[in-house]
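Data block below; observations after.
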Amino acid sequence: MEMIMIPRHFCCPISLDLMKDPVTLSTGITYDRESIDKWIEDGNLTCPVTNQVVPSFDQIPNHSLRKMIQDWGFENRSYGFERIPTPRVPVTPYEVSEICKRVRAATQRGEKKKCQELVRKIKNWGKESERNKRCVEENGAGCVLSACFESFASAAMEKDDQDLTGEILSVLAWMFPLGEEGQTRLGSIKSLNCLVWFLKSGDLSARQNAALVLKNLLALDQRHVNASVEIEGVVESLVKLIKEPICPTATKASLMAIFYMTSSSSLNEKMIPTFVEMGLVSLIIEILVDGDKSICEKALGVLDHICDRKEGRGKAYENALIVAVLITKIVSVSDLASKLSVSILWKLFKNHRERSEDGDDYDDVGGVIVEAIQSGCFSEAAGLIASGLWS
């Protein structure tokens, strides 16, 4: 097929790709909106072409050029080009602030349907572009939506109605941090109970969003971790998302939530035995067999915490795959996975005598050590230490 050259003035000076949403800066140079937004986000204060310091990065849509690009793409569709759709105008901080005021007022009046209508509009803005998401995040929507979620949480559970609170979760899943007030609202007992309710009884999308929101909330403050572990059913719901996975995103979120719940020494004594009793150790080892890099790192982080406790190590000793799997992760995943794998093995070897002292079978522990020696685990660990990866 004959090649066709894209006219130079149709290409973004930054990406060199065909522009989809050309915008012009005060310097007179036109860029694709996505590319210049990325340039600004990276902290640059100059025009990429002229290198002039730009006092304002206000962007003026270049409608005439966009129309020319659209027509050119349509005329050359036989070469694989498609007519570029007319981009939507990005949402403004003023629009976000105004809709937040309306959500707040509707929440105070208890107008569920009105709140749902407004939340859906915010959700649609976020779907349109990453730029819109940032604008929504930066102009107070997280705090307002957290307050709305808390206000309708109890009614949602009583009436088994997930419409409004479910919509809010689908937005909050990509909107963190929330600000101090937003954290307080979403971290309240009412809100946490509703989050766990979604984890237990929501549809697949709602369970995923609830896991993401809970994970993000727990990452912000230990007080949210302390409050969440007291909610009935939270442990069972998180383990179920790992045992019966619905998608990688939900699995990762559940692992991270468990990671935060097992991080504090004040909670270890209670939480680790609970997770061990629910079979989490064997589930994690199953994940490690064929999980991707991100899932493996999170699973190893949880297993490392679990092996801080005698109950966790005892269950790990019983698994015939433990050493082989960990050694594989030392050499094949990432530096973080290597560190965590060595840490877990070290905890198992260092505390191996506790099994015989408790009257348990010592052979399986000895077998673990022999297997590690035969597989070269110690030489791998020594290599990590020598290279500076482990400290």
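Note that the coordinates shown come from a computational prediction; the quantities given were computed from them, not determined experimentally.
Under the 3.5 Å distance criterion, with hydrogens and angles disregarded, a donor-acceptor pair is assigned to the side chains of Ser191 and Ser188. Of the N and O atoms on the side chains of Asp58 and Ser56, at least one donor lies less than 3.5 Å from an acceptor on the other residue. Under 3.5 Å, the side chains of Glu95 and Thr92 contain a donor-acceptor pair of N or O atoms. At a cut-off of 3.5 Å, with distance as the only test, no side-chain donor of Ser151 or Thr107 sits close to an acceptor on the other residue. In the model, Ser282 has no side-chain atom that pairs as donor or acceptor with a side-chain atom of Glu318 under 3.5 Å.
In this structure, CG on Leu195 lies 6.0 Å from CG on Leu214, to the nearest 0.5 angstrom. For the atom pair Leu238 CG and Leu255 CG, the distance stands at 9.5 Å (nearest 0.5 Å). A distance of 6.0 Å separates CG in Leu199 from CG in Leu241, rounded to the nearest 0.5 Å. Distance OG1/Thr251 to CD1/Ile242: 7.0 Å, rounded to 0.5 Å. The structure places CZ of Arg120 at 9.5 Å from NZ of Lys127, a figure rounded to the nearest 0.5 Å. Expressed to the nearest 0.5 Å, how far OG of Ser254 lies from NZ of Lys243 amounts to 14.5 Å.
Thr46 contributes no side-chain N or O that, together with a main-chain N or O of Pro48, makes up a donor-acceptor pair within less than 3.5 Å. When atom types are taken as modelled, the side chain of Ser341 and the backbone of Ser338 share no donor-acceptor pair closer than 3.5 angstrom. Panel note: side chain Asn132, backbone Glu128; no donor-acceptor pair is recorded below 3.5 Å. Looking at Tyr317, its side chain does come within 3.5 Å of a backbone N or O of Leu348 through a donor-acceptor pair. Distance alone, capped at 3.5 Å, places no donor-acceptor pair between the Asp221 side chain and the His224 backbone. No donor-acceptor pair under 3.5 Å is formed between the side chain of Ser35 and the backbone N or O of Tyr31. Of the possible donor and acceptor atoms, one in the side chain of Lys329 sits under 3.5 Å from a partner among the backbone N and O of Leu288. When atom types are taken as modelled, the side chain of Glu75 and the backbone of Trp72 share no donor-acceptor pair closer than 3.5 angstrom. No donor-acceptor distance shorter than 3.5 angstrom exists from the side chain of Arg66 to the backbone of Pro22, with no hydrogens or angles considered. A donor-acceptor pair under 3.5 Å is absent between the side-chain atoms of Asn44 and the main chain of Ile40, judged by distance alone.
Salt-bridge formation is not detected for the pair Lys20/Asp32: no Lys NZ or Arg NE/NH1/NH2 atom is positioned less than 4.0 Å from an Asp or Glu carboxylate oxygen. Using a 4.0 Å cut-off between a side-chain N of Lys or Arg and a carboxylate O of Asp or Glu, Glu117 and Lys114 qualify as a salt bridge. Taking the charged nitrogens against the carboxylate oxygens, Asp37 and Arg33 have no contact shorter than 4.0 Å, which rules out a salt bridge. Using a 4.0 Å cut-off between charged side-chain N and carboxylate O, Arg223 and Glu180 make a salt bridge. A salt bridge links Lys38 to Asp42: one of the charged nitrogens lies within less than 4.0 Å of a carboxylate oxygen. Checked for salt-bridge contact, Glu297 and Lys339 miss the test: no charged N lies under 4.0 Å from a carboxylate O. Using a cut-off of 4.0 Å between Lys/Arg side-chain N and Asp/Glu carboxylate O, Lys112 and Asp161 are scored as salt-bridged. Between Arg134 and Glu137 there is no salt bridge, since no side-chain N of the basic residue sits under 4.0 Å from a carboxylate O of the acidic one. The residues Lys347 and Asp304 are annotated as salt-bridged, a charged nitrogen and a carboxylate oxygen being separated by less than 4.0 angstrom. Using a 4.0 Å cut-off between charged side-chain N and carboxylate O, Arg185 and Glu150 make a salt bridge. Comment: Lys101 engages Glu98 in a salt bridge, judged by a side-chain N to carboxylate O separation of less than 4.0 angstrom.
When every heavy atom of Val103 is checked against every heavy atom of Cys115, the shortest pair comes out as O-SG, 4.1 Å. Scanning both residues, Trp197 and Ala156, for their nearest heavy atoms gives CH2-O, 3.4 Å. Looking at every heavy atom in both residues, Phe275 comes nearest to Met261 through CZ-SD, 4.0 Å. Lys190 and Ser154 get closest at one heavy-atom pair: CD-OG, 3.2 Å. Smallest separation of non-hydrogen atoms from Val213 and Phe176: O-CZ, 3.8 Å. In terms of heavy-atom proximity, Gly312 sits nearest to Val276 at CA-CG2, 3.8 Å.
Side-chain heavy atoms closer than 4.5 Å link hydrophobic residues (I, L, V, M, F, W, Y) into clusters, and following such links, possibly through other members, connects Ile344 to Val342. Residues Met278 and Met256 fall within the same hydrophobic cluster, defined by Ile, Leu, Val, Met, Phe, Trp and Tyr side chains chained together at heavy-atom separations under 4.5 Å. Leu18 is not connected to Val49 by any chain of hydrophobic side-chain contacts under 4.5 Å among Ile, Leu, Val, Met, Phe, Trp and Tyr, and they are in different clusters. Following chains of ILVMFWY side-chain contacts shorter than 4.5 Å, one cannot reach Met19 starting from Val23, and the two form parts of different hydrophobic clusters. Both Leu300 and Leu321 sit in one connected hydrophobic cluster of ILVMFWY residues. Membership requires side-chain heavy atoms under 4.5 Å apart, directly or through other members.
Under a cut-off of 6.0 angstrom, the local environment of CD in Gln183 is crowded, with over 12 non-hydrogen atoms contributed by other residues, nucleotides or ligands. Enclosure of atom NZ in Lys240 is not indicated, since only 12 or fewer non-hydrogen atoms of other residues, nucleotides or ligands lie within 6.0 angstrom.
Judged as a side chain to side chain contact (heavy atoms under 4.5 Å, CB included), and not counting sequence neighbours, the contacts of Arg77 are Phe74.
At least one cation-pi condition fails for Lys133 and Trp125: the charged atom is not both under 6.0 angstrom from the six-membered ring centre and inside a 45 degree cone around its axis.
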Intermediate values then yes/no, salt bridge (charged side-chain N to carboxylate O under 4.0 Å, His left out), Glu230 and Lys270: CA-CA 11 Å; Glu230 300 299 329; Lys270 171 185 177 182; 3.2 Å; yes
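Grouping Ile, Leu, Val, Met, Phe, Trp and Tyr residues whose side-chain heavy atoms lie under 4.5 Å apart, directly or via other members, leaves Ile60 alone, with no other cluster members.
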